[in-house]
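Down below is the structure, laid out as structure tokens.
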2 protein chains.
Amino acid sequence: MSGTDQLSAVFSALADPTRRVILAGLAEGDATVTELTARLPISMPAVSRHLKVLEGATLISRTRSGKWRASHLEAAPLREAADWIERYREFWDTSLTRLDAHLAAVQAAERAGVTTEHDLGRPAHSTTDLEEP
Amino acid sequence: MSGTDQLSAVFSALADPTRRVILAGLAEGDATVTELTARLPISMPAVSRHLKVLEGATLISRTRSGKWRASHLEAAPLREAADWIERYREFWDTSLTRLDAHLAAVQAAERAGVTTEHDLGRPAHSTTDLEEP
DNA sequence: CATACATTTAACGCACTCGTTAAATGAATG
DNA sequence: CATTCATTTAACGAGTGCGTTAAATGTATG
């Protein structure tokens, strides 16, 4: 997963149920690999690599304390993920009827000068690639 | 990706930058595969399969309208994802000092009867697996 | 310093992802 | 009804993810 942007790394890390469980566990306090493994149905090496993934997404940090390495939750990157999703809140939060949604889409399209379902017959052959805001 | 839970499917779908761009595009209005492809640096079959992934995560729906198939943003599943992340807001939202975080972790641990960094020497060999709330 | 404990790395298997190009399918249209 | 346009499926290759077991590494401790 080399060259992956931060946001992708975070979403990718969250896509695994085991890692979400690990994060939930760390929310209750720092823990070692052995402790986390004791509560999971997988081997210790597997847990170790899940932690490596989480560390790669900077969702955890780890400190060596003598013989042990404790994992610590670093929730900051979750803010970025939350912010990304929040931009879509209007699309699920409002009680949009199908017509309202349609009109909203049309307005957004006109605002952005984008081709919509009304003129699918002449697709927008814009040359500019889409970008993430 | 058979047998994947909804939340994992959503996070997994969001983990790809191209798919996030597609969702952003659909937020401005429904669009066809051809239209989306015109604004992306990849082939149409590639876009088609991205849409299939998004559909699998129920992040979009598609309707056939004559010759064309328009994709429509279905943001509802994002709510679930947002809710999951929101539970960690306290961990990034508050101005936790390192000491505060430490104390919070200890309190959470005591509340849950979980072993913390204080007694890493005697790991919790609990038999119950962690679960997602 | 030899032994034990905590953790990681190595090596393997299997399944999936993401891109490509070429071929197949669906649905108007002349 | 043959052609054309929109879209999907097939087949391939390179890369990645997630689990395993066995071996290596780090760090106390007797």
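In the text below, chain A, chain B and the rest are named by the order of the sequence lines, each starting its count at 1.
Listed nucleotides: D:dT7, C:dA28, C:dT21. Nearest to the side chain of B:K67: C:dA28. Each of D:dT7, D:dT20, C:dT21 was ranked by its minimum atom distance to the side chain of B:M44; first place goes to D:dT7. In this structure, the nucleotide among C:dT20, D:dA6, C:dT8 sitting nearest to the side chain of B:A46 is C:dT20. Of the candidates D:dA6, C:dG19, C:dC18, C:dC18 carries the atom nearest the B:D16 side chain, counting heavy atoms from C-beta on. Checking C:dG26, D:dC18, D:dT20 against every side-chain atom of B:R64, the shortest atom distance belongs to C:dG26.
You'll find a donor-acceptor pair under 3.5 Å spanning the side chain of A:R49 and the base of D:dG19, going by distance alone.
Rounding to whole angstrom units, CZ of residue A:R20 and P of D:dC18 are separated by 11 Å. We find that CG of B:L40 is positioned 10 Å from P of C:dG19, with the value rounded to whole Å. To the nearest angstrom, P of D:dG17 lies 17 Å from CZ of A:F11. Look at CG on A:D30: it is 13 Å from P on C:dT7, rounded to the nearest Å. Spacing between atom CD of A:E35 and atom C1' of C:dC5 amounts to 14 Å, rounded to whole angstrom units. Between the CG atom of A:L51 and the C1' atom of C:dA6 there is a distance of 13 Å, rounded to whole Å. A straight line from CD1 of B:I60 to P of D:dT7 spans 12 Å, rounded to a whole angstrom. Spacing between atom CG of A:L14 and atom P of D:dG17 amounts to 14 Å, rounded to whole angstrom units.
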### Query
Could you go step by step and tell me if B:S71 and B:E55 meet the side-chain hydrogen bond (donor to acceptor under 3.5 Å, both in side chains) rule?
CA-CA 9 Å; B:S71 293; B:E55 194 175 24; over 6 Å; no
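Between B:S43 and C:dG19 there is no side-chain polar atom (N or O) within less than 4.0 angstrom of OP1 or OP2. Distances shorter than 4.0 Å separate none of the side-chain N or O atoms of B:R69 from OP1 or OP2 on C:dG26. Distances shorter than 4.0 Å separate some side-chain N or O of A:K52 from OP1 or OP2 on C:dT9. A:S48 has a side-chain polar atom (N or O) that falls below the 4.0 Å cut-off from OP1 or OP2 of C:dT8. Within the 4.0 Å cut-off from OP1 or OP2 of D:dG17, not a single side-chain nitrogen or oxygen of A:R19 is found.
A salt bridge is defined here as a Lys NZ or Arg NE, NH1 or NH2 lying under 4.0 Å from an Asp or Glu carboxylate O, and A:D30 with A:R69 fails to meet this definition. Salt-bridge check for A:E86 with A:R89: passed, with a basic side-chain N closer than 4.0 Å to an acidic carboxylate O.
If A:G66 and A:H50 are placed on DNA chain D by their nearest nucleotide, the residue sitting closer to the 5' end is A:H50. Sequence order on DNA chain D of the closest nucleotides to A:I42 and B:R62 puts B:R62 first from the 5' end.
Residue B:R62 qualifies as enclosed at atom CZ: its count of foreign heavy atoms under 6.0 Å is above 12.
Judged purely by distance below 3.5 Å, without hydrogens or angles, the side chains of B:E74 and B:S61 pair a donor atom with an acceptor atom.
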